[in-house]
A.B. asks: 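First, the structure itself, so that you have it in front of you.
Atom set for the values below is all heavy atoms of this structure, side chains included, hydrogens, waters and symmetry mates excluded. Residue numbers start at 1 and run along the sequence shown.
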Amino acid sequence: MSRSLGEQTEAWTRRLNDAIVDSPRRVIVVFLVLTVVFAGGIGLVSTDTEATDSFTEGLDEQEALDAVNQEFEDPFEPESESTQLIHSGGNVLTKEALLRDLRVLEEIESRDDLRVASANGPATVVAQRLDPSATTAAEQRRAMESTSATRVRQTVRDLSENPRFTGTLATDFNPTSASASASITVVSHDVPAGFSSGDLQDIQTTIRSIAADQPGEITAFGSGVTNAETANVIGDSLTIVMPVVVLLLLLFLVVAYRDPIDLALGLLSLLMTVVWTFGFLGFSGIPFSQQLIAVPVLLLAVGVDFGIHIINRYREEVVDGYEATEAMREANNQLMIAFIIVTVTTVFGFGANVISDLGPIRNMGLASGIGIIFTFLIFGLFLPAAKLEVDRFRERYGVPEFNSAPISSEESTLGKLLTFPAQVSRYAPVAFVVVLLVTGGMAAAYGSGVDTSFETEDFLPPEEQPDYVTGLPEPFAPSEYTVTETLNLLEDRFSTNQDQSVKLYVEGNFEEGHALEALADPNDDATGALAVGDGGSAQPTSIVTVIRGHAERDPEFAALVARNDVDGDGIPDRNLGRIYDALFASSAGDRAEQYLTPDRRSAQVDYAIDSSASQAEAAVDAREFADDFRYEATATGQLVVFDAVTDIIFNSAIQGLILAMALTGVFLVIAYATLEGKPLLGIVNLFPILIAIAFLLGTMRYLGMSLNALTATILSISIGLGIAYSVHATHRFIDEFNAGADAYESMVITLSGTGGALLGSMLTTSLGTGALALAITPVLGDFGLLMALSVAYSFAFTVVALPPAVLLWERYHGAWDAFAVRVTGA
């Protein structure tokens with residue numbers, strides 16, 4: 001049965017190959033028409049500028065954080081309809097600095113298209129204290145201008161206990177000197193139904209331009225500005241990376257093809273691959289994100305591999321005396337099965353990422369998997385047809401060939417170098433395999449300690465770009481980026497560093513007796529990262545904190561609390577509704593709204609965490625701490641949300657690797673059993689790539705690189721991309737072995753012939769993918785470097801690890817393969 005199935009497969013591939021060779025013009029026309037169709041989808045491609053949001057969507061921790069942001073007022077957490085004006089540089093509380101804030105606000109308010117509803121910042125608060133009737137920025141500016149600098153300073157001192165004022169200032173605010181190094185003014189926008197993120201982006205970028213035109217260091221910040229810069233990152237990265245990739249590919253394709261017409265055919269096929277893939281993205285509605293920048297680079301790498309192999313094998317057949325049509329028929333008959341095996345295994349490797357729980361990683365897996373299928377169709381069907389038709393045209397009109405020799409041969413220096421590992425391993429293949437297994441195991445064990453991370457900074461350009469980026473001329477010069485600098489300023493100067501705190505979102509009836517005690521009781525028994533207070537207690541900020549603070553300043557309110565404090569601990573135990581009414585009606589009402597909703601059904605508690613604790617430790621401790629609450633409590637905050645994403649990233653990496661490895665191994669065993677009756681060659685085929693991945697993991701840890709939103713895909717992608725080297729070598733080996741040569745002779749012929757094509761493919765692929773290191777964002781740079789290393793390792797271990805594995809297979813393949821065929825039923 002296995003032989004008949006193999007014969008059927010070979011017959012099917014021969015019919016497909018005959019259709020290509022016998023009707024090349026028809027094939028060319030069909031593919032060109034399809035290219036035009038897919039080109040229509042390019043205009044439908046949208047850009048995903050949400051950066052981290054698309055990773056956190058749907059997580060329980062993120063939903064709790066969304067609820068916190070929606071239900072509680074916080075000047076440092078702007079809603080989607082708010083813009084922050086951040087003023088820094090010198091003392092931002094002088095009369096002149098406050099006037100600069102008001103002039104910016106005045107110009108913003110004068111623009112109807114900016115939809116200003118209100119503004120709150122130190123300048124507005126000071127101006128309204130000076131003149132309570134001043135409600136517009138223009139009126140507030142006039143009030144400030146008519147007041148002496150001395151009175152402005154005194155007003156700042158008077159407001160030092162007002163949370164609405166101090167909450168907008170940097171932590172270095174000094175009431176005595178009336179100084180602060182930075183401030184935040186929140187501009188709220190009155191937006192209609194259907195207001196989109198694109199509309200907010202237009203508003204915030206316009207406000208940023210207005211602020212930039214004013215003297216002083218004032219910048220606008222918000223989700224719209226971040227999205228705008230994220231979109232610029234994608235465009236700038238493509239503008240910088242793709243020309244370098246194309247230039248490197250062109251350079252090595254010139255060396256590999258050494259013929260301008262063959263070079264043009266190869267480039268046309270690569271262009272068609274990109275057009276088809278982008279067209280698919282447009283028609284399917286998959287948005288183009290930073291992660292997908294890697295997809296065209298990966299497809300170009302695989303396309304180059306296919307192209308070099310088909311042209312090189314065709315040339316080998318021509319050198320052996322075949323005329324063009326029969327040479328292409330013979331070359332394609334030999335390569336079609338290998339191309340199909342490579343395509344399926346590469347789809348397994350790339351597509352394994354579709355099982356991820358994270359949308360962007362799923363999209364990358366789907367886009368790259370479909371793109372690989374397109375690559376096979378174009379390079380496996382269109383390129384041979386186009387090459388054959390072009391050579392017929394050359395022969396008909398006498399167009400000369402420039403250099404049609406194969407890349408290497410057994411007699412060449414390169415051929416001898418590539419066959420050296422086979423020659424050495426011939427004498428002790430068992431020792432070679434054992435050494436590879438031991439070293440690979442050690443590398444994998446060391447690499448198992450690689451970190452996993454997820455940070456906003458991964459998706460944003462660094463605060464300072466390298467010289468090779470800033471020095472680029474137009475049109476390659478990148479945009480100006482401010483988001484990272486602004487985020488660093490917020491982290492350094494304001495008490496809003498979410499990396500040093502976690503939140504609990506607590507739901508329940510907070511008017512029932514002892515509700516506040518339920519919030520406070522667990523705090524004395526905090527452990528781990530939350531035990532930062534005296535005696536290992538937690539340091540919370542909650543509605544309890546607000547009540548105690550206001551009681552210290554207001555004797556009447558303190559008496560009300562005392563009358564309802566049964567146990568005398570400063571926390572009221574009864575009549576809580578009356579206490580909340582008094583609190584919300586007082587000067588502390590704004591602060592109370594940050595911790596308790598008006599319906600008294602939801603509360604948030606902020607907890608400081610130990611600065612030495614890792615993100616994972618703090619998140620685990622926060623989740624365990626939430627379980628101790630009487631009410632339903634959910635640990636959240638950026639730190640907890642990002643830790644949840646980090647866990648999913650790690651699981652995605654491991655699950656993708658296992659799935660890709662299992663599917664690839666099973667497929668190769670079945671494929672070789674079906675086609676050749678040699679199932680164990682499937683395991684031999686996979687062996688070099690597993691060693692390569694082990695060394696890649698070890699290298700990641702050695703270089704201090706982590707599994708992040710993009711590099712987590714590298715493990716399964718390495719199987720998909722690296723297996724091509726081993727498959728091509730193994731398939732060529734089988735051809736030579738079946739022709740009568742022994743395993744050693746077959747391996748020497750393989751490495752001296754196909755090895756040259758593999759080397760050319762490795763150089764173009766590693767340098768092409770390595771060009772991603774030039775991208776604007778760190779996440780793409782790390783991925784590019786790892787991709788280049790993965791390809792280099794895959795090639796190196798195909799040359800080094802495959803020969804001894806094949807020699808061992810020759811010793812035992814008879815009995816073991818017969819047993820494996822019976823087990824698989826192939």
Side-chain angles (χ1 to χ4, degrees), residues 64 67-75 159-167 495 501-527 530-608 622 625-637:
V68 167
N69 291 337
Q70 290 169 6
E71 297 179 13
F72 303 102
E73 294 183 2
D74 187 342
L159 290 167
S160 62
E161 297 296 325
N162 187 332
R164 184 164 169 257
F165 176 73
T166 58
S495 57
S501 67
V502 295
K503 299 177 184 290
L504 291 191
Y505 178 60
V506 188
E507 298 174 275
N509 182 4
F510 287 95
E511 288 190 353
E512 65 183 14
H514 304 289
L516 296 181
E517 294 281 3
L519 283 183
D521 284 345
N523 297 327
D524 294 332
D525 299 320
T527 58
L530 275 70
V532 295
D534 296 335
S537 62
Q539 285 191 340
T541 304
S542 67
I543 189 64
V544 176
T545 311
V546 179
I547 290 173
R548 283 174 166 170
H550 187 57
E552 292 176 359
R553 295 188 297 273
D554 188 329
E556 184 178 348
F557 182 75
L560 176 63
V561 170
R563 286 195 301 272
N564 294 282
D565 180 9
V566 177
D567 53 11
D569 61 355
I571 302 175
D573 306 288
R574 61 189 179 187
N575 294 325
L576 297 186
R578 183 181 174 189
I579 291 173
Y580 297 147
D581 290 340
L583 182 66
F584 277 78
S586 70
S587 60
D590 288 344
R591 182 163 173 78
E593 290 178 356
Q594 296 178 28
Y595 298 99
L596 184 68
T597 54
D599 64 1
R600 291 79 187 269
R601 293 287 178 176
S602 302
Q604 74 156 319
V605 187
D606 289 329
Y607 284 94
F625 191 70
D627 293 337
D628 294 335
F629 276 73
R630 191 180 80 186
Y631 294 116
E632 181 179 350
T634 303
T636 186

A.B. asks: After noting the C-alpha distance and the side-chain angles of I547 and I571, does the key distance pass the side-chain contact (heavy atoms from CB on, under 4.5 Å) rule?
C.D. replies: CA-CA 8 Å; I547 290 173; I571 302 175; over 6 Å; no
A.B. asks: Give a yes or no on whether the backbone of S602 and the side-chain of T597 come within a donor-acceptor separation of less than 3.5 Å.
C.D. replies: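 Flag set: sc T597 to bb S602 pair under 3.5 Å.
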A.B. asks: Does D565 form a side-chain contact (heavy atoms from CB on, under 4.5 Å) with D573? I'd like the steps, not just the answer.
C.D. replies: CA-CA 5 Å; D565 180 9; D573 306 288; 3.4 Å; yes
A.B. asks: Yes or no on side-chain contact (heavy atoms from CB on, under 4.5 Å) for I543 and L583, after CA distance, side-chain angles and deciding distance?
C.D. replies: CA-CA 10 Å; I543 189 64; L583 182 66; 3.7 Å; yes
A.B. asks: Could you report the tightest heavy-atom contact between R578 and R563, atom names first, then the distance?
C.D. replies: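 Closest heavy-atom pair between R578 and R563: NH2-NH2, 4.0 Å.
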A.B. asks: So which atom in A515 and which in L576 form the shortest heavy-atom distance, rounded to 0.1 Å?
C.D. replies: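 Minimum heavy-atom contact is CB-CD1, 3.9 Å.
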A.B. asks: Looking only at heavy atoms, which two atoms of A558 and A551 are closest? And how far apart?
C.D. replies: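 That closest heavy-atom pairing would be CB-O, 3.3 Å.
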A.B. asks: Atom CZ in R548, atom OG in S542: separation rounded to 0.5 Å?
C.D. replies: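 So the gap between those two atoms works out to 8.5 Å.
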A.B. asks: For a quick test of reading the model, state the closest non-hydrogen atom pair linking R600 to D581 and the distance between them.
C.D. replies: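 Closest approach of R600 to D581: NH2-OD1, 2.8 Å.
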A.B. asks: Can you confirm whether or not the ring centre of Y607 sits under 6.0 Å from the ring centre of F625?
C.D. replies: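 When the ring centroids of Y607 and F625 are compared, they turn out to be within the sub-6.0 Å range.
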A.B. asks: Short question: side chain of D554, backbone of F557 - any donor-acceptor pair under 3.5 Å?
C.D. replies: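 Indeed, once roles are kept as given, a pair shorter than 3.5 Å links the two residues.
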A.B. asks: State the CG-CD distance between L504 and E632, to the nearest 0.5 angstrom.
C.D. replies: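 L504 CG to E632 CD: 12.0 Å, rounded to 0.5 Å.
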A.B. asks: How many angstroms lie between OH in Y505 and CD in Q604, if you round to the nearest 0.5 Å?
C.D. replies: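 Here the interatomic distance stands at 10.0 Å.
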A.B. asks: Heavy atoms only: give me the nearest T545-P540 pair and the separation to one decimal.
C.D. replies: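 So the minimum-distance heavy-atom pair works out to OG1-O, 3.5 Å.
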A.B. asks: How about F510 and L519: do any of their side-chain heavy atoms sit closer than 4.5 Å?
C.D. replies: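 Of all side-chain heavy-atom pairs linking L519 with F510, at least one is under 4.5 Å.
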A.B. asks: Applying side-chain contact (heavy atoms from CB on, under 4.5 Å) between P572 and each of V544, N564, L560, report the one that passes.
C.D. replies: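 Going through V544, N564, L560 one by one, the side-chain contact (heavy atoms from CB on, under 4.5 Å) with P572 is satisfied by N564 alone.
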A.B. asks: Would you say CD of E512 has more than 12 non-hydrogen atoms from neighbouring residues, nucleotides or ligands within 6.0 angstrom?
C.D. replies: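 Correct, the count exceeds 12.
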A.B. asks: Treating E593 as the side-chain partner and P598 as the backbone partner, does any N or O pair qualify as donor plus acceptor under 3.5 Å?
C.D. replies: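 Side chain of E593 to backbone of P598: no pair is present.
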A.B. asks: Without swapping roles, check the side chain of Y631 against the backbone of N509 for a donor-acceptor pair under 3.5 Å.
C.D. replies: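 It does hold such a pair.
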A.B. asks: Looking at every heavy atom in both A635 and A626, which two are closest together, and how far apart are they?
C.D. replies: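 Smallest interatomic distance, heavy atoms only, reads N-CB, 4.1 Å.
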A.B. asks: Under the criterion side-chain hydrogen bond (donor to acceptor under 3.5 Å, both in side chains), which of T636, T541, D606 is the partner of K503?
C.D. replies: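 That would be D606; it is the only one of T636, T541, D606 passing the side-chain hydrogen bond (donor to acceptor under 3.5 Å, both in side chains) with K503.
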A.B. asks: Return yes when atom CZ of R630 has more than 12 non-hydrogen atoms of other residues, nucleotides or ligands closer than 6.0 Å, and no otherwise.
C.D. replies: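 Yes, because the 6.0 Å sphere around CZ of R630 holds more than 12 heavy atoms from other groups.
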